[in-house]
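In what follows, a single structure is set out as structure tokens and then discussed.
Count residues from 1 along the sequence. Quick note: numbers below take in every heavy atom, side chains included, and nothing from hydrogens, waters or symmetry partners.
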Amino acid sequence: GIERLATLVELDRRRAGEGFAALSLGWALHELGEPQAETKASLYRAALEVMGFDALVLGTSDLRVPALAQPFLDGVAYDLPAPPANVPLSRTGALAQAADTEPFTKFEVRGLTVRALSIVDPELGPQLGDVAEVVLPPGGALQTLTPRPDDLWIVSTDVTAAGMSAHRDAVRRLGPAVILDLSGSVGAERAEAVRLADGPLVVTVATWGKEAGILDLDPLPVDQGGGWTVSYHVLPLEPSLETRESVLRERVTALIRNYKRTVRERGYLASFPTYPDDDDIAYVGSARCATCHPGIYQEWLSTPHATALGTLADKGYHWDPECIRCHVVGFERFPDGRWVRVQGGFRDPGATPHLGGVGCESCHGPGEAHVESPLDASLWDAGGPNRRHPDKRGCAVCHDIENSFGFEEHYETEFLPRADHRGVPSDRRIVYEER
């Protein structure tokens, strides 16, 4: 979505002129495996610079990728992104250079001073490693900031609804404010002409790069008490933005081309963690399944799952492990979110093309044992290598909010029918050799 965002930024800046400012709310990266995270963070920072963003605050995940917290180049309005207001950075950790940075970033919009900051969920403190020794309660951290009743405060946070109520009053004390809730648990998706003095206004931002949030500020006449009203709405980052003329998008596209080239040259796919160490788990590819299940195989060939690797190749991402893992056979996701490549699974487009696409074994497990012993029902029992009835949880590993927005709401009506082959006529043939 960052190329579409570049077009939107250019169009909106052209419309608003000096009354336009762009703010990155943080939580930019969610996959933190090194070393690709650093390369991706550098791409993100460079794209923000190209688009002329006025401010960047950092979330919990951002603090674990040092490239996101490095100084910008000269000529940008600020030197360092603002660390979370309730996270005092360690003076000996990876971000020691930013330990004295103010917990907010400041910019101007037509004479209005805007102060942007982030607040992170204290429960996520253990994830920060040596970056910070402690995460402070949000309310207490906000109490240390000096109120600025003539400024606008923008607070980006992943604190849940229960935590939000505890520090809303502390935000109100600072002055007129908008709280942007990234947890998805509180706030409204749209607000029209809300008087900031009555705030803070709380709105939900939970679309993971599928939309851009817009705050429209309008001054109130003196006879109405002065101050500002704010309207919040979202603009979808639609595919049509890729066809609009945009100098910024062309520059961001050039950055992404270089990123793709770097990912392949540095061999991130080849060095992706594998599990287990032995080669006991073997995948055979969907074409082998066609021997006994020709009808289902032919039906699968007509689905987007069958061409999932080709979809990546068309866009140049077929050597990027962050993309590959959901478009091929043989990657697994642990409950803690970590991804691994199974030893006998897909390796690269040249070495294992038969495991390209989201095939039979993506849902049912590695098929070698079943091919060798097609009548062995124990393979499908609990704990066996094969899954007789894959469920929604298995689909959600890849069809998450970032990659399949709306999956939860439309699973039964839209997503499941595309992959459900239970209605395919039963034309299975068992072919085996007596030994």
Side-chain angles (χ1 to χ4, degrees), residues 1-6 24 26-48 58-68 127 207-210 237 242 252-275 283 304-305 307-343 345-353 355-359 362 394-405 407:
I2 200 166
E3 292 172 280
R4 301 176 187 179
L5 178 63
S24 172
W27 288 267
L29 300 184
H30 298 276
E31 303 297 340
L32 304 176
E34 294 290 352
Q36 188 174 350
E38 289 288 318
T39 305
K40 194 171 183 179
S42 297
L43 164 68
Y44 182 70
R45 289 292 301 270
L48 292 186
L58 300 176
T60 314
S61 59
D62 303 326
L63 294 177
R64 296 165 59 191
V65 187
L68 278 172
Q127 298 181 8
T207 51
W208 291 56
K210 302 297 186 294
L237 297 178
E242 297 180 19
V252 170
T253 298
L255 293 174
I256 292 176
R257 279 199 299 267
N258 183 64
Y259 169 77
K260 295 174 186 176
R261 183 166 55 250
T262 300
V263 166
R264 182 166 182 175
E265 290 175 350
R266 294 185 179 178
Y268 291 145
L269 180 58
S271 61
F272 201 82
T274 57
Y275 175 89
Y283 295 87
H305 278 163
T307 57
L309 181 57
T311 301
L312 289 185
D314 290 344
K315 296 182 178 295
Y317 285 107
H318 53 306
W319 290 88
D320 189 329
E322 282 194 358
C323 304
I324 279 287
R325 61 199 180 197
C326 279
H327 287 248
V328 299
V329 171
F331 281 71
E332 297 286 346
R333 192 175 194 174
F334 289 153
D336 63 2
R338 290 181 300 119
W339 283 88
V340 296
R341 174 173 50 195
V342 178
Q343 186 77 9
F346 182 90
R347 297 204 62 79
D348 64 59
T352 52
L355 298 181
V358 180
S362 296
C395 302
V397 167
C398 286
H399 289 281
D400 55 18
I401 189 172
E402 184 174 12
N403 297 296
S404 292
F405 189 64
F407 174 79

Residue pair Pro349 / Leu269: nearest heavy atoms and the distance that separates them: CD-CD2, 4.4 Å
Partner residues of Leu312 under the side chain to side chain contact (heavy atoms under 4.5 Å, CB included) criterion, sequence neighbours left out: Tyr317, His318, Cys323, Ile324, His327
Closest heavy-atom pair and its distance - Cys398, Trp339: SG-CH2, 3.7 Å
Sub-4.5 Å side-chain heavy-atom contact between Leu309 and Phe346: yes
Asp320: which of Lys40, Lys315, Gln36, Lys260 passes side-chain hydrogen bond (donor to acceptor under 3.5 Å, both in side chains): Gln36
Nearest-0.5 Å distance, CZ of residue Phe331 to OG1 of residue Thr274: 10.0 Å
Side-chain (Arg341) to main-chain (Ala270) donor-acceptor, under 3.5 angstrom: yes
Side chain Asn403, main chain Asp400, donor-acceptor under 3.5 Å: no
Sequence-distant partners of Cys395, disulfide (SG to SG under 2.5 Å), two or more places apart: none
Nearest heavy-atom neighbours spanning Ile2 and Ala47: CD1-CB, 3.5 Å
Heavy-atom side-chain proximity of Pro321 to Val263 below 4.5 angstrom: yes
Closest non-hydrogen atom pair, Val328 against Gly356: CG1-CA, 4.1 Å
Gap between atom CG of Leu255 and atom CD of Glu3 - 0.5 Å precision: 9.5 Å
Rounded distance [0.5 Å steps], CZ in Phe272 versus CG in Asp348: 14.5 Å
Geometric class of the His399/Phe407 ring pair [parallel <30°, tilted 30-60°, perpendicular >60°]: parallel
Leu58 vs Leu63 side-chain heavy atoms within contact, under 4.5 Å: yes
Atom of Arg347, atom of Gln343 and distance for their closest heavy-atom approach: NH1-O, 4.4 Å
Gap separating the OG1 atom of Thr262 from the CD atom of Glu265, nearest 0.5 angstrom: 6.0 Å
Qualifying residues under side-chain hydrogen bond (donor to acceptor under 3.5 Å, both in side chains), relative to Arg266, sequence neighbours excluded: Thr39, Tyr268
Trace of the side chain to side chain donor-acceptor pair (under 3.5 Å) decision for Tyr44 with Ser24: CA-CA 10 Å; Tyr44 182 70; Ser24 172; 2.6 Å; yes
